[in-house]
Amino acid sequence: MLAWQVETPGPIATGPLRRVTRDVPVPGPGELLVRVTACAVCRTDLHVAEGDLEPHLRPVVPGHEVVGRVVEAAPGAEGFAPGDRVGVAWLRHTCGTCDFCRRGSENLCLSSRYTGWDADGGYAEHAVAPAAYAYHLPDGYPDAELAPLLCAGIIGYRALRRAELPAGGRLGIYGFGASAHLTAQIALAEGARVHVMTRAEPARQLALALGASSASGAYDRPPEPLDAAILFAPVGDLVPPALAALDRGGTLAVAGIHLSDIPALNYQEHLFQERTLRSVTANTRADGRAFLDFAARHRLAVTTTPYPLDEADRALADLAADRVDGAAVLMP
Ligand SMILES: [Zn+2]
Ligand SMILES: [Zn+2]
């Protein structure tokens with residue numbers, strides 16, 4: 001089968017993603033063999049390719065927003081049958097026994113493993129995945145629109161919950177890519193007012209079209225104080241202005257797995273009055289199911305830019321250069 005793999009991570013301009021021919025993988029106990037029909041391109045794939053995330057498997061096939069059809073369910077793979085539409089996401093294994101797993105925070109598991117980082121992912125014609133971590137997907141969406149829901153959507157959903165936006169509150173969104181454009185729709189459906197701060201003009205236009213109250217430059221002050229904010233751009237320099245934009249008691253959630261250094265903060269300007277800065281780390285399966293249930297009840301507008309699987313390297317380069325509207329999706 002055709003696949004793309006990262007052998008030696010490096011700057012995207014050096015072409016860390018290599019096109020290869022591989023054997024179709026064989027599912028182990030509890031695993032599904034999936035024929036990939038769509039795989040969205042996430043910023044985390046870029047971090048894997050460029051080495052911002054230390055390699056866990058070499059070579060590794062990136063891709064953790066995978067939609068496909070079950071070809072084979074190996075013994076022990078419960079809940080799916082050949083032909084089912086299935087979603088494969090980032091979280092792939094947790095131990096179930098550590099303190100974090102036992103208290104319902106499996107996203108913090110000490111032995112967690114991830115698709116497209118610890119194991120091969122969906123930049124390929126086939127992938128294998130543990131059935132216990134795979135998702136049934138809502139009807140009413142084409143495969144290409146479901147793919148970005150599996151990380152961009154789920155992580156955005158968790159980030160919104162971590163931001164503790166009060167009912168009817170004012171939400172600031174910093175950066176407006178695939179995850180942000182879905183999160184904005186969840187917040188709007190739940191009655192929030194949304195202000196978007198982002199550098200690219202087309203992204204600002206999309207934000208307004210989706211119902212945001214304002215859209216301005218990345219470092220601009222929103223037109224009103226915020227009850228909560230989410231930082232999607234992997235840019236630590238945006239943390240101080242986002243904190244400064246919070247009203248008393250507000251929370252800033254940093255959604256990304258990687259962030260450039262945060263500059264020095266001023267206690268009075270950025271944190272006092274009980275403002276909170278917190279991170280978002282992966283997600284639990286419960287987050288995934290809750291978000292996909294939400295997506296089944298509220299038809300989300302998912303902006304995608306399709307690429308043939310053959311052009312995964314171009315898709316990743318376009319993401320790096322902010323040239324993608326919504327989510328880039330590889331279509332084998
Ligand atoms: Zn655990
Ligand atoms: Zn992702």
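We count residues from 1, following the sequence as given.
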Is a side-chain donor-acceptor pair under 3.5 Å present for [Y] with [X]?
X	Y	answer
His298	Gln185	no
Thr37	Asp143	yes
Tyr114	Thr44	no
Asp45	His64	yes
Gln5	Arg22	yes

Any link between [X] and [Y] through a network of hydrophobic side chains (Ile, Leu, Val, Met, Phe, Trp, Tyr) touching at under 4.5 Å?
X	Y	answer
Leu2	Tyr307	yes
Val66	Val329	no
Leu149	Ile154	yes

Do the charged groups of [X] and [Y] touch, with an N to O distance under 4.0 Å?
X	Y	answer
Arg18	Glu7	yes
Arg92	Asp120	no
Arg285	Glu106	yes

Problem set entry | Tyr141 six-ring face occupied by Arg299 cation (under 6.0 Å, within 45°) |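 Yes, a cation-pi geometry holds between Arg299 and Tyr141.
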Exercise. So, is the end of the Arg204 side chain (NZ or CZ) under 6.0 Å from the ring centre of Phe176 and within 45° of the ring's axis?
Worked result: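 Cation-pi check for Arg204 and Phe176: fails.
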Exercise. Between Val280 and Arg162, is a side chain to side chain contact (heavy atoms under 4.5 Å, CB included) present by the stated rule, with each step listed?
Worked result: CA-CA 7 Å; Val280 178; Arg162 292 278 293 160; 4.1 Å; yes
For [X], does the [atom1] atom sit with more than 12 other heavy atoms under 6.0 Å from it, leaving out its own atoms?
X	atom1	result
Glu274	CD	no
Arg69	CZ	yes
Arg102	CZ	no

Do [X] and [Y] touch side chain to side chain, with heavy atoms closer than 4.5 Å?
X	Y	answer
Asn266	Leu271	no
Val239	Ile262	yes
Ile12	Leu46	yes
Val67	Cys39	no
His93	Ser112	no
Arg58	Pro9	yes
Trp4	Leu330	no
Arg103	Phe100	yes

Between atom [atom1] of [X] and atom [atom2] of [Y], what is the distance when rounded to the nearest 0.5 Å?
X	Y	atom1	atom2	result
Arg19	Asp310	CZ	CG	4.5 Å
Thr183	Leu165	OG1	CG	11.5 Å
Arg278	Leu252	CZ	CG	10.5 Å
Leu160	Leu171	CG	CG	6.0 Å
Leu300	Leu146	CG	CG	10.0 Å
Asp220	Arg199	CG	CZ	14.0 Å

For this session: Could you tell me whether the side chain of Ser260 and the main chain of Gly236 form a donor-acceptor pair under 3.5 Å?
Result: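 Checking the backbone N and O of Gly236 against the side chain of Ser260, a donor-acceptor pair under 3.5 Å is found.
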Exercise. Is a donor on one side and an acceptor on the other found under 3.5 Å between the side chain of Glu31 and the backbone of Gly28?
Worked result: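 It does hold such a pair.
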Exercise. Ser213 and Arg193: side chain to side chain donor-acceptor pair (under 3.5 Å), yes or no, with the steps?
Worked result: CA-CA 6 Å; Ser213 299; Arg193 267 209 311 285; 4.7 Å; no
Can you name the nearest heavy-atom pair linking [X] to [Y], along with the distance?
X	Y	answer
Leu32	Pro27	C-CB, 4.0 Å
Leu309	Pro332	CB-CA, 3.7 Å
Met331	Ala144	SD-CB, 3.8 Å
Glu269	Arg275	O-NH1, 2.9 Å
Leu243	Thr276	CD2-O, 4.3 Å
Ala255	Ala159	CB-CB, 4.0 Å

For this session: For the pair Phe232 and Ser179, evaluate side chain to side chain contact (heavy atoms under 4.5 Å, CB included) and give the outcome as yes or no after the intermediate values.
Result: CA-CA 8 Å; Phe232 286 102; Ser179 192; 3.2 Å; yes
Problem set entry | Derivation and outcome, side chain to side chain donor-acceptor pair (under 3.5 Å), residues Thr115 and Tyr133 | CA-CA 10 Å; Thr115 307; Tyr133 291 79; over 6 Å; no
Problem set entry | Verdict with supporting geometry, Val6 and Leu17, side chain to side chain contact (heavy atoms under 4.5 Å, CB included) | CA-CA 5 Å; Val6 176; Leu17 206 56; 3.7 Å; yes
Exercise. Quick one: which of Asn283, Asp287, Thr281 gives a side chain to side chain donor-acceptor pair (under 3.5 Å) with Arg158?
Worked result: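 Looking at Asn283, Asp287, Thr281, the match for Arg158 under the side chain to side chain donor-acceptor pair (under 3.5 Å) is Asp287.
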Problem set entry | Steps toward side chain to side chain contact (heavy atoms under 4.5 Å, CB included) verdict (Leu316, Val41) | CA-CA 7 Å; Leu316 209 54; Val41 176; 3.5 Å; yes
For this session: Please state whether the rings of His136 and Phe80 are parallel, tilted or perpendicular, taking 30° and 60° as the class boundaries.
Result: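 Aromatic pair His136/Phe80 classed parallel.
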For this session: Would you please classify the geometry between the Tyr157 ring and the Phe294 ring as parallel, tilted or perpendicular, with 30° and 60° separating the classes?
Result: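 Phe294 and Tyr157: tilted rings.
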Problem set entry | Working for salt bridge (Lys or Arg N to Asp or Glu O under 4.0 Å), residues Asp318 and Arg314 | CA-CA 6 Å; Asp318 285 352; Arg314 186 169 67 86; 3.7 Å; yes
